[in-house]
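Counting convention: from 1, in listed order, for ligands and their atoms alike. We number each residue from 1, following the sequence as shown.
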Amino acid sequence: MELTSSQELILWLGTAGMAAGAVIIAAIGFSLPNHERHHVTASFFVCAIAACAYLAMATGTGVWMVDDQPVYYARYIDWLVTTPLLLLGLLTIGLAPATGGGEAGRTRNGLIGWVLGADVLMIATGLVASLRGESGDRWIWYIISCVFFLLVLWGLFGPVKQHLDAKMTPLYTRLLGILTVLWFIYPILWVLGTEGTGAIGLTGEILVFAVIDVLAKVGFGIVLVMGVKSGSRSHAAA
Ligand code: RET
């Protein structure tokens with residue numbers, strides 16, 4: 001499929017935004033004390049992976065035609081890997097360290113498994129919905145994906161909140177707020193875009209996805225690592 005010049009430009013800007021985000025997050029990471037640097041890895045790779053996905057789309061690959069509509073499956077490969085990493089970054093901030101015996105560690109792993117498992121199914125079933133083209137059963141897959149989305153949010157607002165590390169609670173709460181607002185835009189955009197009702201054109205869809213992708217990855221990652229940085233500074237001062 002031929003991209004128009006404005007679609008190509010948006011995808012190149014997305015590539016640049018993600019690559020810049022990876023560099024900025026890595027740079028902030030180097031200013032953190034060694035024992036806090038593990039917080040940076042997930043956020044760094046989220047941006048690096050998305051930069052590659054955007055580059056693939058900008059250079060004209062990662063797209064299939066289904067019933068005469070383009071489906072950017074490169075997005076879903078990206079999301080399949082980066083959304084679990086985003087959640088892992090959030091959970092590593094929020095969950096209390098697994099000290100005090102095996103049961104605490106098992107509870108922690110169970111919570112991580114819950115949230116990540118539901119998330120992977122949300123993206124995988126969303127991809128199936130997109131590949132169903134004009135067929136009516138795409139809406140069944142869409143609803144299944146939404147159910148898993150709600151399960152992710154339920155995990156984050158419910159059981160995870162009961163196991164928070166007290167000193168990390170403000171940062172977890174801020175990040176969860178950002179994540180919830182931004183992630184709700186995706187299923188709405190899907191309905192309005194070419195995979196759903198086609199109410200907005202392909203260029204509009206590519207543009208809005210690029211903006212929320214950069215906010216949900218680069219913006220979220222910077223808030224996360226800056227939060228860790230200011231937390232460790234106030235610790236050192238105390
Ligand atoms: C789909 C369509 C089916 C219903 C739902 C969806 C949700 C997708 C989400 C994606 C998040 C992506 C992120 C990317 C970062 O760059 C698959 C669009 C619920 C929540 C955060």
**OP:** Write out the residue and atom name of the closest protein heavy atom to atom 3 (C) of ligand 1, then the distance separating them to 0.1 Å.
**Re:** Ser145 OG, 3.2 Å

Original post:
Which atoms from ligand 1 have a heavy atom of Asp213 less than 4.0 Å away?
Top reply: 14 (C), 15 (C), 16 (O)

Original post:
Which residue supplies the protein heavy atom nearest to atom 20 (C) of ligand 1, what is that atom called, and how far is it?
Top reply: Met122 CE, 3.5 Å

**OP:** Would you mind telling me if ligand 1 is within reach of the side chain of Trp183, the backbone, both or neither, using heavy atoms under 4.0 Å?
**Re:** both

Subject >> Closest protein heavy atom (residue, atom, distance) for atom 17 (C) of ligand 1 >> reply: Gly126 CA, 3.8 Å

Original post:
Of Leu151, Val152, Leu156, which meets side chain to side chain contact (heavy atoms under 4.5 Å, CB included) against Trp114?
Top reply: Leu151

Original post:
At a 4.0 Å threshold, what atoms of ligand 1 neighbour a non-hydrogen atom of Thr83?
Top reply: 11 (C), 12 (C), 13 (C), 21 (C)

Original post:
N/O to N/O below 3.5 Å, does that happen between Thr82 and ligand 1?
Top reply: no

Subject >> Nearest-contact summary for atom 14 (C) of ligand 1 - protein heavy atom, Å >> reply: Tyr186 OH, 3.2 Å

**OP:** Could you check Lys217 against Asp78 for salt bridge (Lys or Arg N to Asp or Glu O under 4.0 Å), going step by step and ending with a plain yes or no?
**Re:** CA-CA 11 Å; Lys217 290 184 162 108; Asp78 166 341; 3.0 Å; yes

Original post:
Sequence neighbours excluded, which residues qualify as salt bridge (Lys or Arg N to Asp or Glu O under 4.0 Å) partners of Asp137?
Top reply: Arg132

Original post:
Is the CZ atom of Phe45 crowded by more than 12 outside heavy atoms at less than 6.0 Å?
Top reply: no

**OP:** Output yes when the distance from some N or O of ligand 1 to some N or O of Lys217 is under 3.5 Å, and no in every other case.
**Re:** yes

**OP:** Would you confirm whether the ring centroid of Trp79 sits within less than 6.0 angstrom of the ring centroid of Tyr76?
**Re:** yes

Original post:
Parallel, tilted or perpendicular: which describes the rings of Phe184 and Phe149, with under 30° parallel and over 60° perpendicular?
Top reply: perpendicular

Original post:
With a 6.0 Å cut-off on ring centres, are Trp183 and Trp190 close enough?
Top reply: no

**OP:** Could you tell me whether the side chains of Asn34 and Arg37 share a donor-acceptor contact shorter than 3.5 Å?
**Re:** yes

**OP:** Select one of side chain, backbone, both or neither to describe which atoms of Asp78 lie under 4.0 Å from any atom of ligand 1, heavy atoms only.
**Re:** neither

Original post:
Relative to atom 18 (C) of ligand 1, which among Phe209, Trp190, Phe148 owns the nearest non-hydrogen atom?
Top reply: Trp190

